[in-house]
Amino acid sequence: MVKVQLQDGTSREYNQGVTVQEIAQDISRGLAKKALAGKVDGKLVDLSHALQGDVQLEIITPESPEALNIYRHSTAHVLAEAVQRLFPGTRFGIGPAIAEGYYYDFDSSHTFTPEDLDKIQAEMEKIVKEDKPFVRREVSREEALQVFGDRGEVYKVELINELPEDAVISCYQQGDFLDLCTGPHVPATGKLKAIKLMSLAGAYWRGSEKNKMLQRVYGTAFFDKAELEQYLFRLEEAKRRDHRKLGAELELFAIMDEGPGFPFFFPKGMILRNELESFWRSEHRKAGYQEIKTPIILNRTLWEQSGHWQHYKENMYFTRIDDEDFAVKPMNCPGGMLVYRASLHSYRDLPLRMGELGLVHRHELSGALHGLMRVRCFTQDDAHIFMLPGQIKDEIIGVINLIDKFYSIFGFEYHVELSTKPEKAMGSDEIWEMATNALREALEAKGMPYKVNEGDGAFYGPKIDFHLKDCLGRTWQCGTIQLDFLMPEKFDLTYVGEDGQKHRPVMIHRVIFGSIERFIGILTEHFAGAFPVWLAPVQVKLLTVTDRAISYGKELRNRLEEAGIRVELDSRNEKIGYKIREAQVQKIPYMLVLGDKEADNKTVAVRKRGAGDLGAMGVTELISQVVKEIQDKAQ
RNA sequence: GCUGGUGUGGCGCAGUGGUAGCGCAAUUGAUUCGUAAUCAAUAGGCCAGGGGUUCAAAUCCCCUCACCAGCUCCA
């Protein structure tokens, strides 16, 4: 007999070898029907898993957090089987569940087309109807190599060869499709209800561009059709927030064929930018920063000294001036170093925080460009903090706090990553370890959860990265804090210590927005273009009902302008509904409807974005309300 | 950079070998009207660019560019 402790705390006894499915059946028919998998002592298993000893057992149903991944992973196997049926000879890569679905990588002589996706999906639905069981089998390494080797599955063989010595090797089979897989899976293909193939893309085998590019099919799956529909609807909604679309509609910016990756900012986009910059300047003044500006083009010798010439060349643009090599700056730090070095510093001056809104240019791969999120020239809200070794932790924490303050004002959620020494790096392992530990300590002192991103640091130092999400949930690095012991060395930076001797300062590179361009992209998607009043390019729009209200409209426009409000007057000969619609589409926060009544009583009829018609209000009252919202940076 | 897809007036789209179309926007005229689209007229395109096939190309083929999705890479 085995004793099985269930999730609700109760225990039951069964004969040895009882399966999870049988236990579910024993508990209730409803549960048995819903059951997808089991969790034995914290480990996910199939429903067919037989229990050999006393265990704790949880039955995985669609309500369980783990269920969707198992379900989607099983769907990926069905996708592979469908491809095997329709395109014999296809070799299989990997097919995991991912955040919003699953994918499977194929190596096929046939190039899949979007039309093929429909065919494959139809085949998948057939497989679902056939309700084939997923059968697990544990095999020896030799057998696994034999089986997959015979089938010509070179990718599977490569995976098997790299499994650790003591790994349990398991295979799953449904119908004629056999896959190397740890599982678990749903009991049979018939469990898969709402499946949809989404897209097609190339993907390098094992994520390395040195390897062959396979064909990846992305799909998703849900427990029922309604959830799938809802997901597809949400996707469509999200696309409406796309900053590239809104940027054009709201006349914020554009990227033209004449400058791929080099954005143009229109007057309304500049208002947004300038508001962000002036907010940035005032916050940084408060936080003890000074501001500098360094040139965009600097001599080759500087880039050799900084190491960029050796480590960053493929991302840089070059030019020649008077027969000498120059480079367009990809980073602001070398210029910042020269500014530090231009004067003598005492330990009393440290920490010295020098900010720079610096325009940098980087040659990004053409395929990587993406609206404002990934461009070839952008403005970093940079700063370099020069400090004593003993000030490191406090300064890092200070920057973390500043970043958090900024992101909170916009209502952004973010996650943090710690990036460690990359392959192409300057400096010794010891220095890197010291710097990485300093960053880690600061994060831990703040009690901040973080993910480690091995090998993703800058070539001169490790970094803490702050990631924000776009409308489709893709994350983009914005803020970053990089600790650097190497540049001060390379540039022979010094300060005079208490002892009268020269010492080496430590430095931090950091950005808050990251790139103003990217930040505007994120901001646009976050607010779906409906910017809070303080950022809105047009804060108040005056709408006249008839031409009789035009002179009152002009008078009001002057009053609002004097109060520092960005205001536009729409005095066209159009119906009020038409003007409202246009202002609404432009996502203008305040509309003031002006007719005979308002002109006679010297009031305004307020229509607020998101709230609708608020009725009449005195002009002074309206002005003070708008001004307060601007000052409070209300969302 | 790689794989696949797309490229038609400012925007959204139709048009698969035989004189380039629709809606919105724009311009002009009429209408002076109270909370998401008044009516009418007019104008606007070397069909991304280049080369080719054909009596004939937006449409078929080749090259280039840009964009989209993903991979790789990074703020």
Side-chain angles (χ1 to χ4, degrees), chain A residues 103 105 111-114 116-117 198-218 239 242 244-245 248-249 251 254-261 312 314-315 330-332 358 360 362-382 419 422 456 458 463 465-468 472 474 476-480 482 509-519 521-522 543-550 572-585 591-598 605-607 612-615:
Chain A
Y103 65 78
D105 286 345
T111 301
F112 298 130
T113 65
D116 290 335
L117 287 190
M198 301 296 290
S199 62
L200 215 47
Y204 299 109
W205 168 240
R206 313 198 85 179
S208 167
E209 58 186 328
K210 293 183 189 80
N211 293 335
K212 180 167 185 184
M213 182 165 269
L214 308 181
Q215 300 186 68
R216 177 172 294 179
V217 175
Y218 283 92
K239 283 183 192 153
D242 191 312
R244 293 166 298 188
K245 190 172 155 60
E249 284 171 5
E251 298 179 295
I255 298 173
M256 320 215 191
D257 281 2
E258 291 81 353
Y312 208 71
E314 63 277 20
N315 279 301
M331 295 186 194
N332 301 302
V360 298
R362 296 182 185 175
H363 179 77
E364 297 294 339
L365 294 177
S366 58
L369 301 179
H370 184 98
L372 288 183
M373 303 297 195
R374 175 70 71 65
V375 289
R376 284 179 171 157
C377 77
F378 55 99
T379 306
Q380 290 187 305
D381 62 318
D382 220 336
S419 295
D456 211 35
K463 53 184 188 160
D465 297 327
F466 293 73
H467 294 251
L468 297 174
L472 290 177
R474 297 174 289 210
W476 299 90
Q477 184 189 316
C478 289
T480 176
Q482 309 175 348
H509 311 240
R510 46 109 283 179
V511 289
I512 309 270
F513 294 140
S515 117
I516 297 195
E517 289 76 4
R518 178 177 285 182
F519 199 81
I522 299 272
L543 311 174
T544 53
V545 177
T546 69
D547 288 355
R548 292 188 298 280
I550 292 180
R572 291 173 304 172
N573 177 8
E574 292 290 351
K575 287 187 154 183
I576 192 66
Y578 182 85
K579 296 186 185 183
I580 286 172
R581 183 186 149 76
E582 255 186 26
Q584 196 85 32
V585 167
M591 283 174 242
L592 305 182
V593 175
L594 311 175
D596 293 336
K597 266 187 289 181
E598 289 74 23
V606 181
R607 187 186 166 103
D613 190 351
L614 300 182

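Note that the coordinates shown come from a computational prediction; the quantities given were computed from them, not determined experimentally.
- A close approach under 4.0 Å does not occur between any side-chain nitrogen or oxygen of A:R362 and OP1 or OP2 of B:C74.
- A close approach under 4.0 Å does occur between a side-chain nitrogen or oxygen of A:Q482 and OP1 or OP2 of B:A75.
- When the side-chain nitrogen and oxygen atoms of A:K579 are compared with OP1 and OP2 of B:G34, none of them lie within a distance under 4.0 Å.
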Between the protein and nucleotides 7-11 of chain B, which nitrogen or oxygen pairs come in under 3.5 angstrom?
none

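- Among the nucleotides B:G34, B:C74, B:C68, the one closest to any side-chain atom of A:E598 is B:G34.
- The side chain of A:R216 lies closest to B:C71 when the candidates are B:U35, B:C71, B:A75.
- Under the ring pair (Phe, Tyr, Trp, His ring centres under 6.0 Å) criterion, A:F466 pairs with A:Y414, sequence neighbours left out.
- Listed nucleotides B:C74, B:U35, B:U38 differ in distance to A:R607; the shortest reach to its side chain belongs to B:U35.
- When each of A:Y218 and A:D465 is assigned the nucleotide of RNA chain B with its nearest heavy atom, A:Y218 is the one assigned upstream, toward the 5' end.
- The nucleotide whose nearest atom lies closest to any side-chain atom of A:A201 is, among B:A69, B:U35, B:G4, B:A69.
- Residue A:E364 is in base contact, counting any heavy-atom pair closer than 4.0 Å across all strands shown.
- For the P atom pair drawn from B:A43 and B:G50, the interatomic distance equals 27 Å after rounding to whole Å.
- Residue whose closest nucleotide on RNA chain B sits further toward the 5' end, between A:G261 and A:G612: A:G612.
- The A:M213 side chain lies nearest to B:C71 when the options are B:A75, B:C71, B:U38.
- Contact between the side-chain N/O atoms of A:H363 and the OP1/OP2 oxygens of B:C74 is not found at any separation under 4.0 Å.
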Starting from the C-alpha separation in whole Å, work towards a yes-or-no answer on side chain to side chain contact (heavy atoms under 4.5 Å, CB included) for A:S515 and A:R374. CA-CA 10 Å; A:S515 117; A:R374 175 70 71 65; over 6 Å; no
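- Between B:G34, B:A75, B:A36, one nucleotide has an atom nearer to the side chain of A:R581 than all others, and that is B:A36.
- Taking 4.0 angstrom as the limit, A:S366 places a side-chain polar atom (N or O) nearer than this to OP1 or OP2 of B:G1.
- Under 4.0 angstrom from either OP1 or OP2 of B:G70 there lies no side-chain N or O belonging to A:R374.
- Across the protein-nucleic acid pair, A:W476 atom CH2 and B:C73 atom P stand 14 Å apart, rounded to whole Å.
- Between B:U6 and B:C60, the two P atoms lie 10 Å apart (nearest whole Å).
- Spacing of P atoms, B:A75 relative to B:U3, comes out at 26 Å, to the nearest Å.
- Side-chain atoms of A:D382 do not come within 3.5 Å of backbone N or O of A:G358 as any donor-acceptor pair.
- The minimum heavy-atom distance between A:I255 and A:L372, with the atom names listed, is CD1-N, 4.4 Å.
- Closest to the A:P260 side chain, of the nucleotides B:A75, B:C67, B:U72, is B:C67.
- Taking only side-chain nitrogens and oxygens, A:R474 comes nearer than 4.0 Å to OP1 or OP2 of B:A69.
- Looking at the side chain of A:T546, the nearest of the listed nucleotides B:G34, B:U32, B:C67 is B:U32.
- Contact check, A:Q584 against B:A36: no side-chain N or O comes under 4.0 Å of OP1 or OP2.
- Distance noted for atom P between B:C71 and B:C24: 40 Å (whole Å).
- Interface remark: the A:Y204 side chain does not form any donor-acceptor pair with the B:G70 base, using a distance-only criterion of under 3.5 Å.
- The listed nucleotides are B:G34, B:A26, B:A69; the one nearest the side chain of A:R572 is B:A26.
- Taking side-chain N and O atoms only, A:Y578 has a distance below 4.0 Å to OP1 or OP2 of B:A25.
- For B:G44 and B:C11, the C1' atoms lie 14 Å apart once the distance is rounded to whole Å.
- Following rounding to the nearest Å, A:I550 (CD1) and B:U32 (P) show an atom-to-atom distance of 14 Å.
- Residues A:Y204 and A:K210 form no side-chain contact, since every pair of their non-hydrogen atoms from C-beta on lies 4.5 Å or further apart.
- Look at the P atom in both B:C39 and B:U32: the space between them is 16 Å, to the nearest Å.
- Between the CE atom of A:M373 and the P atom of B:C68 there is a distance of 12 Å, given to the nearest Å.
- Contact annotation: A:R518 does not reach the phosphate of B:C74 (side-chain N/O to OP1 or OP2, under 4.0 Å).
- If you take atom P in B:G49 and the same atom in B:G4, they sit 24 Å apart, rounded to whole Å.
- Here the nucleotide nearest the side chain of A:V545, chosen from B:G34, B:C71, B:C74, is B:G34.
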